[in-house]
Amino acid sequence: KTLETFVTGINTAKTVTGYWFDDADTIHGYILAKDGTLTPLDVDGAGSGVLQGTQPESINAKGDIAGFYTDAGGKRNGFTRASDGTVTTFDAPNSSNTIVAGINKKGGIAGYYIDSSSVAHGFLRTAKGKFKVFDALGAAQKAGAGTFVSRIGDDGTIVGESYDAGFILHGFVGTP
């Protein structure tokens, strides 16, 4: 029984990705092709408890998908699924939780991670798996604050939000 369904991405081929909650509140990813073919997407290692599972967040023109999954211990981890079905999992450096926001046409992945002090930091992951971490200008380095990346454009531009020391929210645009 499907309780809620979310669409998080569509590409130029009109392939859609997203996730849904089952009646146990476990999260399952999916890929829906233009012709109506539905492919489940549950990453190995994803938990099966409440609010655990697989959350695809973005799909690029090639059909590569990026997102995150929550394991049985409650930790969030990043993943990418290539158009051929190969899944690669990863965590940002020094991460207690990795949240993926998007993937661009070159396979660049952007998101944010939470460190051991509960501060959020942005990251870029190249298609070859190299990381660059960053903080938005003025982002506070205290628990609950930091840099939260929302999306990456095909040209590498990143957008998101950050909280300053007074916990005031600011938007940002980062260019390559």
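Remember, predicted model here, so these are calculated numbers, not experimental data. In what follows, every heavy atom counts, from backbone to side chain, and hydrogens, waters and symmetry copies are set aside.
The closest side-chain heavy-atom distance from T17 to R81 is not below 4.5 Å. Under the 4.5 Å side-chain criterion, counting only non-hydrogen atoms from C-beta, I31 is in contact with T15. Taking 4.5 Å as the limit, every side-chain heavy atom of L137 sits out of range of all side-chain heavy atoms of F172. With a 4.5 Å cut-off on side-chain heavy atoms, I99 and F148 do not count as touching. Side-chain contact between L124 and I152 is present, with heavy atoms from C-beta onward closer than 4.5 Å. By the 4.5 Å heavy-atom criterion applied to side chains, F167 and K142 are counted as neighbours. Proximity of H121 to T147: side-chain heavy atoms (C-beta onward) are nowhere separated by under 4.5 Å. Side-chain atoms of F123 and V100, non-hydrogen and from C-beta on, do get closer than 4.5 Å to each other.
In this structure, I59 CD1 and I103 CD1 are separated by 9.0 Å, a value rounded to the nearest 0.5 Å. To the nearest 0.5 Å, atoms NZ (K106) and OG1 (T126) are separated by 12.0 Å. Atom-to-atom distance recorded for Q55:CD and H28:NE2 is 11.5 Å, nearest 0.5 angstrom. Rounded to the nearest 0.5 angstrom, S95 OG and D115 CG are separated by 8.5 Å. Rounded to the nearest 0.5 angstrom, T39 OG1 and Y30 OH are separated by 12.0 Å.
Other residues, nucleotides and ligands contribute at most 12 non-hydrogen atoms within 6.0 Å of the CG atom of D44. Atom CG of N94 is surrounded by 12 or fewer heavy atoms from other residues, nucleotides or ligands within 6.0 Å.
N104 places a side-chain N or O within donor-acceptor distance of the main-chain N or O of G153, the cut-off being under 3.5 Å. Between the side chain of N97 and the main chain of I114, no donor-acceptor pair closer than 3.5 Å is present. Proximity of a side-chain donor or acceptor of N77 to a complementary backbone N or O of K75 within less than 3.5 Å is detected. No donor-acceptor distance shorter than 3.5 angstrom exists from the side chain of T5 to the backbone of W20, with no hydrogens or angles considered. Of the possible polar contacts, none joining the D71 side chain to the G45 backbone as a donor-acceptor pair under 3.5 Å is found. In this structure, the side chain of S58 does not engage the main chain of G9 through any donor-acceptor pair within 3.5 Å. When atom types are taken as modelled, the side chain of E57 and the backbone of A101 share no donor-acceptor pair closer than 3.5 angstrom.
Hydrophobic clustering (ILVMFWY, side-chain heavy atoms < 4.5 Å, transitive): V7 and I10 are in one cluster. L51 and Y69 fall into different hydrophobic clusters, defined by Ile, Leu, Val, Met, Phe, Trp and Tyr side-chain heavy atoms under 4.5 Å apart, directly or through other members.
The minimum heavy-atom distance linking D154 with K105 is given by the pair OD1-N, 2.8 Å. For the residue pair D22 and A24, the shortest heavy atom distance occurs at OD1-N, 2.9 Å. Closest approach of P176 to D155, counting heavy atoms only: CG-O, 3.2 Å. Considering all non-hydrogen atoms of both residues, P56 and G29 come closest at CD-CA, 3.6 Å. Residues V119 and A140 come closest through the heavy atom pair CG1-O, 4.1 Å. In plain terms, the two heavy atoms of G49 and T26 that are nearest each other are O-OG1, 3.2 Å.
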**Message:** Let's go through T98 and R76 carefully: what are the C-alpha distance in whole Å and the side-chain angles of both, what is the deciding distance for side chain to side chain contact (heavy atoms under 4.5 Å, CB included) to 0.1 Å, and is it a yes or a no?
**Reply:** CA-CA 5 Å; T98 298; R76 293 179 175 170; 5.8 Å; no
**Request:** Decide side chain to side chain contact (heavy atoms under 4.5 Å, CB included) for D91 and Y113; before the verdict, give the C-alpha distance in whole Å, the side-chain angles of both, and the deciding distance to 0.1 Å.
**Result:** CA-CA 8 Å; D91 288 307; Y113 70 94; over 6 Å; no
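For the ring-ring contact (aromatic ring centres under 6.0 Å, His included) test, residues two or more places apart in sequence or in another chain that qualify with Y19 are F6. With sequence neighbours excluded, the residues satisfying side chain to side chain donor-acceptor pair (under 3.5 Å) with S150 are E161. Not counting sequence neighbours, F68 has no partner by the ring-ring contact (aromatic ring centres under 6.0 Å, His included) test.
None of L41, V87, N11 except one satisfies the side chain to side chain contact (heavy atoms under 4.5 Å, CB included) rule with I65; the exception is L41.
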